[in-house]
A.B. asks: 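This is the structure, below, for whatever I ask next.
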Protein chains: 2
Amino acid sequence: MNPHGQTLNEKPVQSLDDALERCQQLGMRLSRQRRFILELLWQEQEHLSAREIYNRLNQRGKDVGHTSVYQNLEALSQNGVIECIERSGGRLYGNISDSHSHVNCLDSDQILDIQVELPAALIEEVERKTGLKITDYRVEFYGCRVT
Amino acid sequence: MNPHGQTLNEKPVQSLDDALERCQQLGMRLSRQRRFILELLWQEQEHLSAREIYNRLNQRGKDVGHTSVYQNLEALSQNGVIECIERSGGRLYGNISDSHSHVNCLDSDQILDIQVELPAALIEEVERKTGLKITDYRVEFYGCRVT
DNA sequence: GTCGGTGCAAAGCTTTTGCATCTGC
DNA sequence: GCAGATGCAAAAGCTTTGCACCGAC
């Protein structure tokens with residue numbers, strides 16, 4: 001298991017349908033509330049906080065209690081159905097594309113997903129230095145608009 | 001300014017003395033409380049939460065109010081005197097070595113610092129894809145103990 | 001029908017804010 | 001002396017927990 005709740009070799013969850021299917025494989029029921037949360041995360045490109053997910057759903061008339069939001073986000077991210085990243089102010093959740101690295105725009109709050117592959121030599125060097133077997137990684141880039 | 005409050009070319013803060021010096025350069029007074037916080041962060045190798053910093057200082061008889069701890073950590077990290085990273089459960093603060101990437105041990109809570117340099121070609125590719133000028137990056141590695 | 005899921009209410013924490021007091025320079 | 005720093009008290013948020021009820025399968 002990597003920190004996203006998946007092994008690297010496992011078939012990735014790349015769409016809403018994949019997510020729903022994965023839930024069923026895991027024995028997680030597809031409740032109305034769970035669907036709402038997954039639908040929201042696959043509609044939005046951004047990463048959202050639990051509180052924000054709760055607010056958006058309820059603003060749109062899709063009533064879900066905050067307890068359920070928290071419990072679902074925890075369960076879904078633990079099982080690799082959605083992604084959980086940490087930022088100032090707490091955890092943010094988003095759908096899982098095949099990209100696990102992010103480009104953070106310093107001029108706005110925008111966070112872009114990007115696919116990055118590090119050279120094997122670099123990873124081996126890290127393993128040698130730390131004595132750990134590296135199972136996963138993600139890169140956070142910080143950039144600004146070119147004006 | 002990068003997210004660590006420094007430009008990449010700026011002389012890095014690499015010791016307690018550097019940190020104290022930097023505070024003075026910035027016009028930040030070296031109050032008793034500010035010193036305690038900086039001393040703690042340069043004693044410890046780990047990254048600590050605001051709450052934990054507050055607890056440790058007060059356990060050791062170095063009384064600092066929690067408001068001061070929060071205000072100081074905010075100001076110091078904004079100014080690049082200390083480092084702020086985000087994890088489940090909130091922000092963690094640590095001293096700044098010249099390493100900005102981390103290796104997260106999945107078998108324990110240990111977070112190791114490591115120096116990583118990405119190939120220029122990789123960075124250029126990210127810039128081309130996103131249209132942003134990349135000013136900084138950090139890599140989060142996840143690894144487990146080899147048994 | 002069963003067991004996982006839900007959500008109210010309440011508690012528990014962490015973090016922020018207002019503001020009077022203090023202190024480094 | 002004065003602007004910056006401190007820290008109490010209180011408010012504001014966010015997240016978790018207990019538990020009775022609900023509903024997906």
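Keep in mind it's a predicted model, so treat the numbers as computed, not measured. Every chain is numbered from 1 and lettered A, B, ... according to where its sequence line falls, protein lines coming before strand lines.
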A.B. asks: With axes from five pairs an end, tell me the bend angle of the helix from dG1(C)-dC25(D) to dC25(C)-dG1(D), nearest 10°.
C.D. replies: 40°
A.B. asks: Rounding to an integer number of Å, can you tell me how far R34(A) CZ sits from dG7(C) P?
C.D. replies: 11 Å
A.B. asks: Strictly below 4.0 Å: does S31(A) bring a side-chain N or O up to OP1 or OP2 of dT6(C)?
C.D. replies: yes
A.B. asks: On the nucleotide dG13(D), are OP1 or OP2 found under 4.0 Å from the side-chain N or O atoms that R51(A) carries?
C.D. replies: no
A.B. asks: I need the CD-P distance between E74(B) and dT14(C), as an integer number of Å.
C.D. replies: 18 Å
A.B. asks: Among T67(B), L73(B), N72(B), exactly one meets side-chain contact (heavy atoms from CB on, under 4.5 Å) together with V69(B). Which residue is that?
C.D. replies: L73(B)
A.B. asks: Start at the 5' end of DNA chain D and walk down; is the nucleotide closest to M28(A) or to A50(A) reached first?
C.D. replies: A50(A)
A.B. asks: Protein-nucleotides 7-9 of chain D N/O pairs closer than 3.5 Å?
C.D. replies:
{"residue": "dG7(D)", "atom": "OP1", "partner": "Q33(B)", "partner atom": "NE2", "Å": "2.9"}
{"residue": "dG7(D)", "atom": "OP2", "partner": "G65(B)", "partner atom": "N", "Å": "2.9"}
{"residue": "dG7(D)", "atom": "OP2", "partner": "S68(B)", "partner atom": "OG", "Å": "2.8"}
{"residue": "dC8(D)", "atom": "N4", "partner": "T67(B)", "partner atom": "OG1", "Å": "2.8"}

A.B. asks: Can you tabulate the close N/O pairs, meaning under 3.5 Å, that link protein atoms to atoms of nucleotides 20-22 of chain D?
C.D. replies:
none

A.B. asks: What's the CG-P distance between L92(A) and dC14(D), to the nearest Å?
C.D. replies: 12 Å
A.B. asks: Out of dT6(D), dG23(D), dG24(C), which nucleotide sits closest to the side chain of R29(A)?
C.D. replies: dG23(D)
A.B. asks: What is the distance, to the nearest angstrom, from the CZ atom on R35(A) to the P atom on dG23(D)?
C.D. replies: 15 Å
A.B. asks: With a 4.0 Å limit, can you tell me whether Y70(B) has a side-chain N or O closer than that to the phosphate oxygens OP1/OP2 of dT16(C)?
C.D. replies: no
A.B. asks: Over how many whole Å does the gap from K62(A) atom NZ to dT6(C) atom P extend?
C.D. replies: 15 Å
